[in-house]
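Just below is one structure, and these are the notes that go with it.
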Amino acid sequence: MSWPRLIRKFCCYLKEIKNLCKLVFCRCHHYTSDNYLEGHLEALGALLEKVAATLETLILEGCQIHYSQLSATLPGLSHCSQLTTFYFGRNFMSMDALKDLLGHTSGLSKLSLETYPAPDESLNSLVHVDWEIFTPLRAELMRTLREVRQPRRIFIGPAPCPSCGSSPSEELELHLCC
């Protein structure tokens, strides 16, 4: 069975689950097909709306999500009042898109651990971070975030870290050497 067909069946199944509103953990990782993502992030946005009162952990890792796709989930994300962990590493976002994403997390006062990718503008032609460009952009993102709320633990940057080779793990242990 193809992924899109399987996902459609899964989405239909989700609609039938009576206790879906009690979901506390949601993970989507390493999906790379634009065909897969088309339309399914809208379903994810609707799911986030339904579980906003209980969701504590949201992991959207390495899905190669672009801002035009993510924007469908932002209203749902901004209502996830119990969210403590948001892992958004290994995706592709411009500086403006990351600022907008951070703005949508402004009301999430329980967030205690967050990861975000390096902005596209800091990547060179080999898709590696140019540290001279990245460092001031990361500082600007932190200023933007601090204008709307005080972050607890946050990682903005490439995974894995080119200095020590570590990545934020699934358990979200951060190595902030960079």
Side-chain angles (χ1 to χ4, degrees), residues 3 6-32 36-37 39-67 69-93 97-119 138 141-142 144-161 166-176 178:
W3 272 110
L6 182 64
I7 293 303
R8 277 193 296 276
K9 282 188 154 203
F10 180 68
C11 288
C12 290
Y13 175 70
L14 283 177
K15 291 176 187 174
E16 297 173 11
I17 298 175
K18 295 183 193 259
N19 290 328
L20 181 63
C21 62
K22 296 180 182 178
L23 185 71
V24 295
F25 182 91
C26 182
R27 179 179 183 189
C28 178
H29 65 96
H30 300 293
Y31 295 107
T32 58
Y36 165 77
L37 290 172
H40 294 101
L41 286 173
E42 287 180 12
L44 177 61
L47 173 66
L48 291 176
E49 290 280 353
K50 288 184 178 187
V51 301
T54 59
L55 188 66
E56 296 174 3
T57 301
L58 178 59
I59 299 175
L60 300 174
E61 174 192 13
C63 297
Q64 297 185 13
I65 297 173
H66 298 272
Y67 182 69
Q69 299 162 325
L70 179 69
S71 61
T73 66
L74 292 179
L77 173 64
S78 65
H79 291 105
C80 292
S81 59
Q82 301 304 308
L83 198 64
T84 60
T85 303
F86 180 47
Y87 186 88
F88 192 69
R90 300 180 186 185
N91 288 294
F92 297 100
M93 293 284 126
L98 282 169
K99 284 182 176 181
D100 192 30
L101 175 58
L102 292 174
H104 277 83
T105 66
S106 65
L108 306 179
S109 61
K110 293 189 177 186
L111 266 179
S112 59
L113 185 56
E114 308 164 68
T115 66
Y116 300 96
R138 178 170 56 181
L141 287 170
M142 288 303 295
T144 299
L145 184 56
R146 285 188 180 112
E147 288 174 4
V148 295
R149 66 179 166 83
Q150 276 304 105
R152 292 185 181 106
R153 289 191 308 162
I154 185 167
F155 177 83
I156 300 172
C161 170
S166 67
S167 294
S169 69
E170 188 170 313
E171 289 78 34
L172 300 168
E173 297 171 9
L174 301 180
H175 303 273
L176 300 176
C178 343

Any Tyr116 side-chain heavy atom under 4.5 Å of Leu101 side chain: yes
Side chain to side chain donor-acceptor pair (under 3.5 Å) partners of Gln82, counting only residues at least two apart: Lys110
Contacts of Ala52 that satisfy side chain to side chain contact (heavy atoms under 4.5 Å, CB included) - sequence neighbours left out: His79, Cys80
N/O donor-acceptor pair under 3.5 Å between Ser81 side chain and Ala53 backbone: no
For Ser78, side chain to side chain donor-acceptor pair (under 3.5 Å) partners two or more places apart: none
Side-chain donor/acceptor of Thr84 to backbone N/O of Glu56, under 3.5 Å: yes
Phe86 and its side-chain contact (heavy atoms from CB on, under 4.5 Å) partner, picked from Leu108, Ile59, Ile154, Leu60: Leu60
Interatomic spacing from CG in Leu44 to CG in Leu58 - rounded to 0.5 Å: 6.5 Å
Euclidean distance, Leu111 CG relative to Leu83 CG, rounded to 0.5 Å: 5.0 Å
With Arg152 via side chain to side chain donor-acceptor pair (under 3.5 Å) - residues at least two apart: none
CA sep, side-chain torsions, deciding dist, call: Leu98, Thr144, side chain to side chain contact (heavy atoms under 4.5 Å, CB included): CA-CA 10 Å; Leu98 282 169; Thr144 299; over 6 Å; no
Minimum-distance pair of heavy atoms, taken over all atoms of Pro158 and Ala118: N-CB, 4.2 Å
Set of salt bridge (Lys or Arg N to Asp or Glu O under 4.0 Å) partners for Arg146, sequence neighbours left out: none
Spatial distance of atom CG (Leu77) from atom NE2 (His104) [nearest 0.5 Å]: 8.0 Å
Minimum heavy-atom distance between Pro151 and Arg149, given as atom pair plus value: CD-O, 3.3 Å
Thr73 and Leu48: CA distance, side-chain angles, deciding distance, side chain to side chain contact (heavy atoms under 4.5 Å, CB included) verdict: CA-CA 7 Å; Thr73 66; Leu48 291 176; 4.2 Å; yes
Check: Leu141 and Leu102 side chains under 4.5 Å, non-hydrogen atoms: yes
Cys26 and Val51, any side-chain heavy atoms less than 4.5 Å apart: no
Under the side chain to side chain contact (heavy atoms under 4.5 Å, CB included) test, residues paired with Ala46 that sit two or more places apart: none
Heavy-atom pair of closest approach, residues Thr115 and Tyr87: OG1-CD1, 2.8 Å
Any Asp100 side-chain heavy atom under 4.5 Å of Leu70 side chain: no
